[in-house]
Amino acid sequence: MAERLSLSLTLSPSPPTPAPTTMAAFSTTASSRIFPSATAAAAAASRARLSFSSSLKCLQSSPLVSHLFLNQKRSPMVRVSERGLSSTASPKCAAASDPDQLKSAREDIKKLLDTSFCHPLLVRLGWHDAGTYNKNIQEWPQRGGANGSLRFEIELKHAANAGLVNALKLLQPIKEKYSGVTYADLFQLASATAVEEAGGPKIPMKYGRVDVTAPEQCPEEGRLPDAGPPSPADHLRNVFYRMGLNDKEIVALSGAHTLGRSRPERSGWGKPETKYTKDGPGAPGGQSWTVKWLKFDNSYFKDIKERRDEDLLVLPTDAVIFEDPSFKVFAEKYAEDQEAFFKDYAEAHAKLSNLGAKFEPPESQRDPAQLVCPPVVRTRVS
């Protein structure tokens with residue numbers, strides 16, 4: 001396990017719209033792909049829609065979350081509606097998250113990870129909230145990105161988000177406990193913490209993201225990547241360039257598939273189970289990209305390159321990183337050099353987590369050493 005990151009809560013300016021460049025998690029209750037296929041998941045997602053309401057009322061339907069919720073005597077049942085998760089009060093500071101509460105929330109997330117093995121599910125939640133960003137749209141929140149919109153039912157029902165309601169169920173008690181933390185910050189905090197606790201690199205995160213307030217502010221469906229498009233390289237570039245990311249960042253982020261499993265009943269991809277997944281942990285089944293699918297390392301690149309084990313998953317968008325000349329340069333590098341992968345992944349993850357976010361207070365009023373919730377207290381949390 002990598003050294004655990006001490007939480008340094010800093011605010012930074014709302015990222016400027018990126019200039020055009022030259023140039024897809026492990027869940028025992030859902031598809032574990034970081035950016036799952038939108039089209040291949042359509043049939044499975046339609047089934048999920050039919051049972052969506054009942055699954056929210058019956059937590060026993062999720063084998064991982066049932067034990068977390070059935071013994072909750074003080075936390076109200078999670079209720080997701082068109083207005084979002086309605087059982088949680090608004091943050092004390094409507095704009096920025098409270099630094100002390102963020103630090104405490106991180107400790108609770110680590111405990112959750114230790115008991116629920118939900119690392120990739122939380123990584124996927126953060127990625128999917130941020131991954132709707134469109135650099136060609138200036139207005140917030142129309143541009144999408146890390147704004148907490150994924151808590152609303154209308155966006156949870158997008159095919160690519162099948163199963164992410166389980167991530168919300170897991171995080172909801174933490175959100176209720178720390179109402180001074182925005183959803184946008186909580187999703188990204190959980191995602192980064194999951195990577196670090198799985199043995200991955202320290203992510204240079206910042207906090208203070210503003211939440212959208214209504215389902216009407218959710219992005220339209222179709223902004224997330226597909227796993228099996230006709231032209232995988234072109235598709236990846238179309239989607240990630242729209243976010244302002246480049247070839248190196250595409251390949252580095254693909255390396256997060258070192259965590260997790262894909263479940264065919266959720267996504268349309270993978271085997272029902274393999275020798276690596278039939279015994280769990282958590283609910284058994286699915287097909288993983290790597291043998292040790294609970295550990296964040298560079299084995300994804302090694303396994304994709306070798307392709308010697310039929311029990312390991314290789315999607316079209318995985319295979320292409322060793323087929324496309326530009327992608328291959330970085331994939332080969334990461335297969336040989338885990339340190340280089342960790343460095344580039346940490347930078348790319350942090351960049352993704354800030355896409356489209358609106359940070360409060362604005363830059364002119366922000367103390368960069370801390371999250372600000374008036375009155376300003378100039379202390380650093382570490």
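Only this structure's heavy atoms are used, side chains among them; waters, hydrogens and symmetry mates stay out. Quick note: residue numbers are just sequence positions, from 1.
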- Message: To check you understand the geometry: which heavy-atom pair defines the closest contact between Gly148 and Ala184, and what is its length?
- Response: N-CB, 3.6 Å
- Check: Thr277 side chain, Thr274 main-chain N or O, donor-acceptor pair, under 3.5 Å: yes
- Considering all heavy atoms, the nearest Lys275-Asp309 contact: NZ-OD1, 3.5 Å
- Query: Does the Thr115 side chain pair with the main chain of Leu112, one donor and one acceptor, at a distance under 3.5 Å?
  - Reply: yes
- CG of Leu121 to OG of Ser191, rounded to nearest 0.5 Å, is 10.5 Å
- Message: So which atom in Met243 and which in Gly131 form the shortest heavy-atom distance, rounded to 0.1 Å?
- Response: CE-O, 3.1 Å
- Task: Return the minimal non-hydrogen interatomic distance between Ala346 and Pro204, and the atom names on each side.
- Result: O-CD, 3.7 Å
- Query: Taking side chain as C-beta onward, heavy atoms only, is Ser288 less than 4.5 Å from Leu313?
  - Reply: no
- Task: Walk me through it: do Arg151 and Phe187 pass the test side-chain contact (heavy atoms from CB on, under 4.5 Å)?
- Result: CA-CA 10 Å; Arg151 73 188 190 272; Phe187 293 168; 4.2 Å; yes
- Query: Angle class for the Tyr345/Trp127 ring planes (parallel below 30°, perpendicular above 60°, tilted otherwise)?
  - Reply: parallel
- Item | Ion pair Glu221/Lys157, N-O distance below 4.0 Å | no
- Query: Just how far is it from atom CG of Leu253 to atom NZ of Lys351, taken to the nearest 0.5 Å?
  - Reply: 9.5 Å
- Message: Before you tell me yes or no, could you show the steps for Asp297 and Lys292 under side-chain contact (heavy atoms from CB on, under 4.5 Å), namely the whole-Å CA-CA distance, both residues' side-chain angles and the distance that decides it to 0.1 Å?
- Response: CA-CA 9 Å; Asp297 56 21; Lys292 297 181 179 179; 5.5 Å; no
- Message: Under a 3.5 Å distance rule, please check whether Glu196 uses its side chain to pair with a backbone N or O of Thr193 as donor and acceptor.
- Response: no
- Query: Within 45° of the ring axis of Phe327 and under 6.0 Å from its six-membered ring centre, is that where the NZ or CZ of Arg237 lies?
  - Reply: yes
- Message: I'd like to check Arg223 versus Tyr133 (side-chain heavy atoms, cut-off strictly below 4.5 Å). Are they in contact?
- Response: no
- Query: Does any non-hydrogen side-chain atom of Trp289 lie less than 4.5 Å from one of Ser254?
  - Reply: no
- Message: A side-chain contact here means heavy atoms from C-beta on lying under 4.5 Å apart; do Leu186 and Tyr178 qualify?
- Response: no
- Query: To the nearest 0.5 Å, what is the distance between CG (Leu224) and NE2 (His158)?
  - Reply: 9.0 Å
- Query: Taking Lys135 for the side chain and Arg143 for the main chain, is one N or O donor matched with an acceptor at less than 3.5 Å?
  - Reply: no
- Pairing residues for Asp337 by the salt bridge (Lys or Arg N to Asp or Glu O under 4.0 Å) criterion, not counting sequence neighbours: none
- Asn161 side chain vs Leu164 backbone, donor-acceptor pair below 3.5 Å: no
- Report yes if the distance between the aromatic ring centroids of Phe330 and Phe301 is under 6.0 Å, otherwise no. no
- Message: Could you check whether any side-chain N or O of Gln217 sits under 3.5 Å from a backbone N or O of Thr213, counting only pairs where one atom can act as donor and the other as acceptor?
- Response: yes
- Tyr334 and Lys248, any side-chain heavy atoms less than 4.5 Å apart: yes
- Task: First locate atom NZ of Lys328, then atom CD1 of Ile321, and finally report the distance between them rounded to the nearest 0.5 Å.
- Result: 11.5 Å
- Query: Under the salt bridge (Lys or Arg N to Asp or Glu O under 4.0 Å) criterion, do Glu339 and Lys343 qualify, and how do the steps go?
  - Reply: CA-CA 6 Å; Glu339 184 177 348; Lys343 177 181 181 296; over 6 Å; no
- Starting at NZ of Lys271, measure out to CG of Asp311 and round the result to the nearest 0.5 Å. 4.5 Å
- Does Thr132 use its side chain to pair, donor to acceptor, with the backbone of Pro219 at less than 3.5 Å? no
- Task: For Tyr207 and Val181, run side-chain contact (heavy atoms from CB on, under 4.5 Å): C-alpha distance rounded to whole Å, both residues' side-chain angles, the deciding distance at 0.1 Å, then the answer.
- Result: CA-CA 9 Å; Tyr207 298 96; Val181 176; over 6 Å; no
- Message: Would you say Val291 ends up clustered with Leu294 if hydrophobic residues are merged whenever their side chains have heavy atoms under 4.5 Å apart, either directly or through other cluster members?
- Response: yes
- Query: Among Lys111, Lys103, Lys110, whose salt bridge (Lys or Arg N to Asp or Glu O under 4.0 Å) with Glu107 holds?
  - Reply: Lys110
- Lys206 vs Phe359 side-chain heavy atoms within contact, under 4.5 Å: yes
- Message: Looking at His235 and Asp226, would you say the former's side chain and the latter's main chain have a donor-acceptor pair under 3.5 Å?
- Response: yes
- Message: How close do Leu168 and Leu125 get, counting heavy atoms only, and between which atoms?
- Response: CD2-CD1, 4.4 Å
- Message: Any salt bridge linking Asp129 with Arg209? Criterion: basic side-chain nitrogen under 4.0 Å from a carboxylate oxygen.
- Response: no
- Check whether any side-chain heavy atom of Thr317 sits under 4.5 Å from a side-chain heavy atom of Pro225, and report yes or no. no
- Note on the structure: Looking only at heavy atoms, the pair that brings Leu171 and Ile109 closest together is CD2-CG1, 4.3 Å
- Check whether any side-chain N or O of Gln338 sits under 3.5 Å from a backbone N or O of Asn298 as a donor-acceptor pair, and report yes or no. yes
- Task: Show the numbers, then the answer: is there a side-chain contact (heavy atoms from CB on, under 4.5 Å) between Val212 and Tyr183?
- Result: CA-CA 9 Å; Val212 297; Tyr183 279 102; over 6 Å; no
- Message: Checking side-chain polar atoms at under 3.5 Å, does Asp318 have a donor or acceptor matched by the opposite partner on Tyr300?
- Response: yes
- Query: Do Gln287 side-chain atoms and Ser262 backbone N/O form a donor-acceptor pair below 3.5 Å?
  - Reply: no
- Message: Rounded to the nearest 0.5 Å, what separates atom NE2 in His119 from atom CH2 in Trp293?
- Response: 11.0 Å
